[in-house]
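Labels below follow one simple rule: chain letters A, B, ... track the order of the sequence lines, proteins then strands, and each chain is numbered from 1. Just the heavy atoms: all of them, side chains too, but no hydrogens, waters or symmetry mates, feed the values below.
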There are 2 protein chains.
Amino acid sequence: MDDKKSCPDIEVLFELADLFKVFGDSTRLRVMVTLSDSELSVMEIAEALNMEQSTISHQLRVLRQNKLVRVRRDGKQMYYSLDDDHVKKIIEMGLDHILE
Amino acid sequence: MDDKKSCPDIEVLFELADLFKVFGDSTRLRVMVTLSDSELSVMEIAEALNMEQSTISHQLRVLRQNKLVRVRRDGKQMYYSLDDDHVKKIIEMGLDHILE
DNA sequence: CTAACATATGAACAGTTATTCATATGTTCA
DNA sequence: TGAACATATGAATAACTGTTCATATGTTAG
(Lines give C-alpha, C1' and ligand atoms only; values in the text may rest on other atoms or scores of the structure.)
Protein backbone atom coordinates (compact mmCIF):
# COMPACT_ATOMS: atom_id res chain seq x y z
CA MET A 1 0.00 0.00 0.00
CA ASP A 2 1.07 3.57 -0.59
CA ASP A 3 2.01 4.97 2.78
CA LYS A 4 3.02 8.52 1.82
CA LYS A 5 -0.27 10.08 2.78
CA SER A 6 -0.69 8.27 6.08
CA CYS A 7 -0.69 10.35 9.23
CA PRO A 8 2.88 11.18 10.26
CA ASP A 9 3.54 10.29 13.86
CA ILE A 10 4.06 12.82 16.60
CA GLU A 11 7.83 12.79 16.62
CA VAL A 12 8.01 13.61 12.94
CA LEU A 13 5.58 16.46 13.47
CA PHE A 14 7.83 17.92 16.13
CA GLU A 15 10.71 17.79 13.70
CA LEU A 16 8.54 19.32 11.04
CA ALA A 17 7.53 22.16 13.34
CA ASP A 18 11.20 22.80 13.98
CA LEU A 19 11.83 22.99 10.26
CA PHE A 20 9.02 25.47 9.69
CA LYS A 21 10.25 27.54 12.60
CA VAL A 22 13.39 28.11 10.57
CA PHE A 23 11.30 29.47 7.70
CA GLY A 24 9.30 31.54 10.15
CA ASP A 25 11.82 34.33 10.52
CA SER A 26 12.08 37.12 7.99
CA THR A 27 15.84 37.44 8.28
CA ARG A 28 16.41 33.79 7.53
CA LEU A 29 13.86 33.92 4.76
CA ARG A 30 15.60 36.90 3.21
CA VAL A 31 18.93 35.13 3.45
CA MET A 32 17.51 32.12 1.66
CA VAL A 33 15.90 34.23 -1.06
CA THR A 34 19.13 36.15 -1.50
CA LEU A 35 21.02 32.91 -1.88
CA SER A 36 18.59 31.58 -4.46
CA ASP A 37 20.21 33.86 -6.99
CA SER A 38 23.84 33.15 -6.27
CA GLU A 39 26.39 31.84 -3.84
CA LEU A 40 27.51 34.61 -1.46
CA SER A 41 29.93 35.25 1.38
CA VAL A 42 28.71 36.19 4.84
CA MET A 43 29.62 39.85 4.40
CA GLU A 44 27.96 40.00 1.00
CA ILE A 45 24.75 38.70 2.52
CA ALA A 46 25.00 41.11 5.43
CA GLU A 47 25.48 44.02 3.05
CA ALA A 48 22.69 42.90 0.76
CA LEU A 49 20.30 42.84 3.71
CA ASN A 50 21.87 45.80 5.43
CA MET A 51 22.32 43.86 8.65
CA GLU A 52 25.18 43.08 11.01
CA GLN A 53 27.66 40.38 10.18
CA SER A 54 27.03 38.76 13.53
CA THR A 55 23.31 38.55 13.00
CA ILE A 56 23.74 36.91 9.63
CA SER A 57 26.34 34.52 10.94
CA HIS A 58 24.06 33.41 13.75
CA GLN A 59 21.22 32.81 11.35
CA LEU A 60 23.40 31.01 8.83
CA ARG A 61 24.26 28.60 11.59
CA VAL A 62 20.60 27.81 12.06
CA LEU A 63 20.19 27.32 8.33
CA ARG A 64 23.25 25.10 8.24
CA GLN A 65 22.04 22.96 11.14
CA ASN A 66 18.80 22.41 9.30
CA LYS A 67 20.58 21.54 6.07
CA LEU A 68 19.03 24.43 4.22
CA VAL A 69 22.33 25.94 3.13
CA ARG A 70 25.76 24.64 2.22
CA VAL A 71 29.10 26.22 2.98
CA ARG A 72 32.34 26.26 1.09
CA ARG A 73 35.49 27.92 2.26
CA ASP A 74 37.54 30.02 -0.13
CA GLY A 75 40.43 31.70 1.61
CA LYS A 76 39.14 33.86 4.40
CA GLN A 77 35.60 33.81 3.19
CA MET A 78 32.85 31.31 3.61
CA TYR A 79 30.55 31.01 0.64
CA TYR A 80 27.00 29.99 1.31
CA SER A 81 24.44 28.58 -1.10
CA LEU A 82 21.08 26.86 -0.88
CA ASP A 83 21.38 23.20 -0.04
CA ASP A 84 18.65 21.77 -2.22
CA ASP A 85 15.58 22.58 -4.24
CA HIS A 86 13.17 21.85 -1.40
CA VAL A 87 14.02 25.26 -0.05
CA LYS A 88 12.83 27.10 -3.13
CA LYS A 89 9.78 24.89 -3.41
CA ILE A 90 8.73 25.40 0.18
CA ILE A 91 9.07 29.15 -0.22
CA GLU A 92 7.11 29.12 -3.46
CA MET A 93 4.34 27.07 -1.87
CA GLY A 94 4.12 29.63 0.88
CA LEU A 95 3.98 32.48 -1.59
CA ASP A 96 1.21 30.70 -3.48
CA HIS A 97 -0.87 30.69 -0.33
CA ILE A 98 -0.23 34.32 0.48
CA LEU A 99 -0.84 35.60 -3.03
CA GLU A 100 -4.12 33.67 -3.09
CA MET B 1 8.05 38.49 -19.06
CA ASP B 2 7.38 35.81 -16.49
CA ASP B 3 7.72 37.42 -13.08
CA LYS B 4 6.96 34.50 -10.79
CA LYS B 5 10.55 33.69 -9.99
CA SER B 6 11.68 37.24 -9.41
CA CYS B 7 12.84 38.19 -5.95
CA PRO B 8 9.83 38.86 -3.71
CA ASP B 9 10.09 42.20 -2.00
CA ILE B 10 10.66 42.63 1.69
CA GLU B 11 7.05 43.17 2.72
CA VAL B 12 5.98 39.92 1.15
CA LEU B 13 8.80 38.12 2.91
CA PHE B 14 7.58 39.44 6.24
CA GLU B 15 4.13 38.09 5.47
CA LEU B 16 5.65 34.83 4.37
CA ALA B 17 7.61 34.55 7.60
CA ASP B 18 4.37 35.06 9.50
CA LEU B 19 2.76 32.27 7.55
CA PHE B 20 5.59 29.85 8.26
CA LYS B 21 5.48 30.81 11.92
CA VAL B 22 2.01 29.34 11.97
CA PHE B 23 3.38 26.05 10.66
CA GLY B 24 6.24 26.24 13.13
CA ASP B 25 4.31 25.02 16.14
CA SER B 26 3.74 21.34 16.74
CA THR B 27 0.30 21.80 18.21
CA ARG B 28 -0.96 23.71 15.19
CA LEU B 29 0.74 21.25 12.89
CA ARG B 30 -0.94 18.34 14.65
CA VAL B 31 -4.28 20.10 14.41
CA MET B 32 -3.81 20.57 10.68
CA VAL B 33 -2.73 16.98 10.14
CA THR B 34 -5.67 15.75 12.19
CA LEU B 35 -8.01 17.85 10.08
CA SER B 36 -6.57 16.51 6.84
CA ASP B 37 -8.49 13.30 7.43
CA SER B 38 -11.85 14.76 8.34
CA GLU B 39 -13.79 17.72 9.59
CA LEU B 40 -13.85 17.79 13.39
CA SER B 41 -15.29 19.77 16.28
CA VAL B 42 -13.07 21.57 18.76
CA MET B 43 -13.57 18.96 21.43
CA GLU B 44 -12.90 16.13 19.01
CA ILE B 45 -9.58 17.74 18.09
CA ALA B 46 -8.72 18.35 21.73
CA GLU B 47 -9.43 14.72 22.55
CA ALA B 48 -7.54 13.43 19.55
CA LEU B 49 -4.47 15.37 20.64
CA ASN B 50 -5.11 14.90 24.35
CA MET B 51 -4.93 18.62 24.99
CA GLU B 52 -7.11 21.22 26.65
CA GLN B 53 -10.09 22.68 24.85
CA SER B 54 -8.81 26.17 25.50
CA THR B 55 -5.42 25.48 23.99
CA ILE B 56 -6.95 24.11 20.84
CA SER B 57 -9.41 26.96 20.58
CA HIS B 58 -6.63 29.51 20.84
CA GLN B 59 -4.64 27.78 18.13
CA LEU B 60 -7.64 27.34 15.88
CA ARG B 61 -8.04 31.07 16.01
CA VAL B 62 -4.53 31.52 14.70
CA LEU B 63 -5.20 29.01 11.94
CA ARG B 64 -8.44 30.77 11.09
CA GLN B 65 -6.80 34.19 10.94
CA ASN B 66 -4.28 32.80 8.50
CA LYS B 67 -6.98 31.18 6.38
CA LEU B 68 -5.60 27.73 6.95
CA VAL B 69 -8.85 26.31 8.35
CA ARG B 70 -12.54 26.88 7.76
CA VAL B 71 -15.30 26.80 10.34
CA ARG B 72 -18.89 25.74 10.12
CA ARG B 73 -21.36 25.88 12.95
CA ASP B 74 -23.66 22.95 13.59
CA GLY B 75 -25.74 23.49 16.70
CA LYS B 76 -23.46 23.99 19.67
CA GLN B 77 -20.42 22.72 17.88
CA MET B 78 -18.03 24.37 15.53
CA TYR B 79 -16.66 22.09 12.86
CA TYR B 80 -13.23 22.84 11.52
CA SER B 81 -11.63 21.68 8.30
CA LEU B 82 -8.62 22.59 6.22
CA ASP B 83 -9.19 25.64 4.10
CA ASP B 84 -7.35 24.64 0.94
CA ASP B 85 -4.86 22.23 -0.54
CA HIS B 86 -1.89 24.50 -0.03
CA VAL B 87 -1.89 23.39 3.57
CA LYS B 88 -1.36 19.74 2.73
CA LYS B 89 1.17 20.60 0.06
CA ILE B 90 3.23 22.80 2.33
CA ILE B 91 3.28 20.07 4.98
CA GLU B 92 4.24 17.45 2.41
CA MET B 93 7.07 19.63 1.11
CA GLY B 94 8.37 19.96 4.64
CA LEU B 95 8.15 16.23 5.19
CA ASP B 96 10.04 15.62 1.95
CA HIS B 97 12.89 17.71 3.29
CA ILE B 98 12.97 16.00 6.66
CA LEU B 99 12.75 12.48 5.29
CA GLU B 100 15.66 13.28 2.94
C1' DC C 1 55.52 35.49 13.37
C1' DT C 2 52.33 39.36 13.07
C1' DA C 3 48.85 42.42 11.34
C1' DA C 4 44.66 42.59 9.04
C1' DC C 5 40.69 40.56 7.76
C1' DA C 6 36.44 37.21 7.61
C1' DT C 7 33.69 34.51 10.22
C1' DA C 8 31.96 32.27 14.44
C1' DT C 9 30.53 32.23 19.11
C1' DG C 10 28.91 33.40 23.97
C1' DA C 11 26.33 36.13 27.10
C1' DA C 12 22.74 39.35 27.87
C1' DC C 13 18.57 41.67 26.85
C1' DA C 14 14.11 42.66 24.86
C1' DG C 15 10.33 41.06 22.61
C1' DT C 16 7.36 37.26 21.41
C1' DT C 17 4.51 33.14 22.17
C1' DA C 18 2.09 28.80 23.89
C1' DT C 19 -0.32 27.22 27.64
C1' DT C 20 -3.33 27.48 31.63
C1' DC C 21 -7.05 29.12 34.51
C1' DA C 22 -11.12 31.52 34.95
C1' DT C 23 -14.88 33.27 32.75
C1' DA C 24 -17.76 35.06 28.95
C1' DT C 25 -20.51 34.13 24.84
C1' DG C 26 -23.62 31.57 22.36
C1' DT C 27 -26.69 27.43 21.45
C1' DT C 28 -30.10 23.76 22.55
C1' DC C 29 -33.61 21.52 24.98
C1' DA C 30 -36.91 20.98 28.64
C1' DT D 1 -36.73 31.21 30.98
C1' DG D 2 -33.02 28.54 32.84
C1' DA D 3 -29.80 24.66 33.02
C1' DA D 4 -26.37 22.28 30.47
C1' DC D 5 -23.20 22.18 27.07
C1' DA D 6 -19.59 23.80 23.36
C1' DT D 7 -16.63 27.22 22.18
C1' DA D 8 -14.16 31.66 22.62
C1' DT D 9 -11.54 34.99 25.04
C1' DG D 10 -8.58 37.69 28.44
C1' DA D 11 -4.94 37.88 31.65
C1' DA D 12 -0.92 35.90 33.60
C1' DT D 13 3.11 33.23 33.37
C1' DA D 14 6.99 30.57 31.80
C1' DA D 15 9.78 29.44 28.05
C1' DC D 16 11.81 30.63 23.80
C1' DT D 17 14.12 33.48 20.20
C1' DG D 18 16.53 37.25 17.48
C1' DT D 19 19.69 40.83 17.89
C1' DT D 20 23.65 43.16 19.72
C1' DC D 21 28.18 43.72 21.73
C1' DA D 22 32.43 41.89 22.72
C1' DT D 23 35.58 38.60 21.67
C1' DA D 24 37.49 34.20 19.90
C1' DT D 25 38.87 31.37 15.96
C1' DG D 26 40.88 30.79 11.71
C1' DT D 27 43.05 32.45 7.23
C1' DT D 28 46.18 35.16 4.25
C1' DA D 29 49.86 38.26 3.02
C1' DG D 30 54.01 40.57 4.21
Counting any heavy atom closer than 4.0 Å, what does A/Y79 reach on the DNA or RNA strands: base, sugar-phosphate only, or nothing?
nothing

Closest non-hydrogen atoms of A/A48 and A/T34, given as atom of the first, atom of the second and distance, are CB-CG2, 4.3 Å

In short, salt bridge (charged side-chain N to carboxylate O under 4.0 Å, His left out) pairs touching residues 43-61 of chain A with sequence neighbours left out are none

I need the residues from residues 14-24 of chain A with at least one non-hydrogen atom less than 4.0 Å from DNA chain C; give them sorted by number, or say none.
none

Apart from B/M43 itself, which Ile, Leu, Val, Met, Phe, Trp or Tyr residues share its cluster (side-chain heavy atoms under 4.5 Å, direct or through members)?
none

For the atom pair CG (B/L35) and CD1 (B/I45), what is the distance rounded to the nearest 0.5 Å?
4.5 Å

Only pairs under 3.5 Å count here: list side-chain donor-acceptor contacts from residues 64-77 of chain A, not counting sequence neighbours, and write none if there are none.
unit_1 : atom_1 : unit_2 : atom_2 : d
A/R64  : NE     : A/Y80  : OH     : 3.3
A/R64  : NH2    : A/Y80  : OH     : 3.3
A/N66  : ND2    : A/V62  : O      : 2.9
A/R70  : NH1    : A/D83  : O      : 3.4
A/R70  : NH2    : A/D83  : O      : 3.2
A/R72  : NE     : A/E39  : OE2    : 2.9
A/R72  : NH2    : A/E39  : OE1    : 2.9
A/R73  : NH1    : A/G75  : O      : 3.2

Would you tabulate the side-chain donor-acceptor contacts of residues 7-16 of chain A under 3.5 Å, counting partners in other chains and residues two or more places apart, or write 'none'?
unit_1 : atom_1 : unit_2 : atom_2 : d
A/D9   : OD1    : A/E11  : N      : 3.4
A/D9   : OD1    : A/V12  : N      : 3.2

Measuring from A/I90:CD1 to A/L19:CG, what's the distance to the nearest 0.5 Å?
5.5 Å

Not counting sequence neighbours, which residues clear side chain to side chain contact (heavy atoms under 4.5 Å, CB included) with B/D84? List them please.
A/H97, B/H86, B/V87

To the nearest 0.5 Å, tell me how far A/L82 CG sits from A/M32 CE.
8.0 Å

Using a strict heavy-atom distance below 4.0 Å, which residues from residues 66-78 of chain B are in contact with DNA chain C?
B/R73, B/G75, B/K76

Can you tell me how far apart CG (B/L60) and CD (B/Q53) are? Round to the nearest 0.5 Å.
9.5 Å

Using the heavy-atom set of chain A and a strict 4.0 Å cut-off, write down the first and last nucleotide of DNA chain C that makes it in, 5' to 3'.
C/dC5 to C/dG10

Applying ring pair (Phe, Tyr, Trp, His ring centres under 6.0 Å) as the test, list every pair that has at least one member in residues 22-58 of chain A; sequence neighbours left out.
A/F23-B/F20

Kindly state each residue pair satisfying side-chain hydrogen bond (donor to acceptor under 3.5 Å, both in side chains) with at least one member in residues 21-30 of chain A, sequence neighbours excluded.
A/D18-A/K21, A/R28-A/Q59

Under the 3.5 angstrom rule, does the side chain of A/S57 hit a backbone N or O of A/S54 as a donor-acceptor pair?
no

Near DNA chain D, counting only heavy atoms under 4.0 Å, which residues of residues 49-56 of chain A show up?
A/M51, A/E52, A/S54, A/T55

Could you state the interatomic distance from CE (B/M93) to CG (A/D85), rounded to the nearest 0.5 Å?
10.0 Å

What distance do A/S41 atom OG and A/I56 atom CD1 have between them, rounded to the nearest 0.5 Å?
11.0 Å

The helix from C/dC1-D/dG30 to C/dA30-D/dT1: angle between terminal helix axes, five bp per end, to the nearest 10 degrees, reads 30°

Could you check B/R64 against A/T27 and say which one's nearest nucleotide on DNA chain D is further toward the 5' end?
B/R64

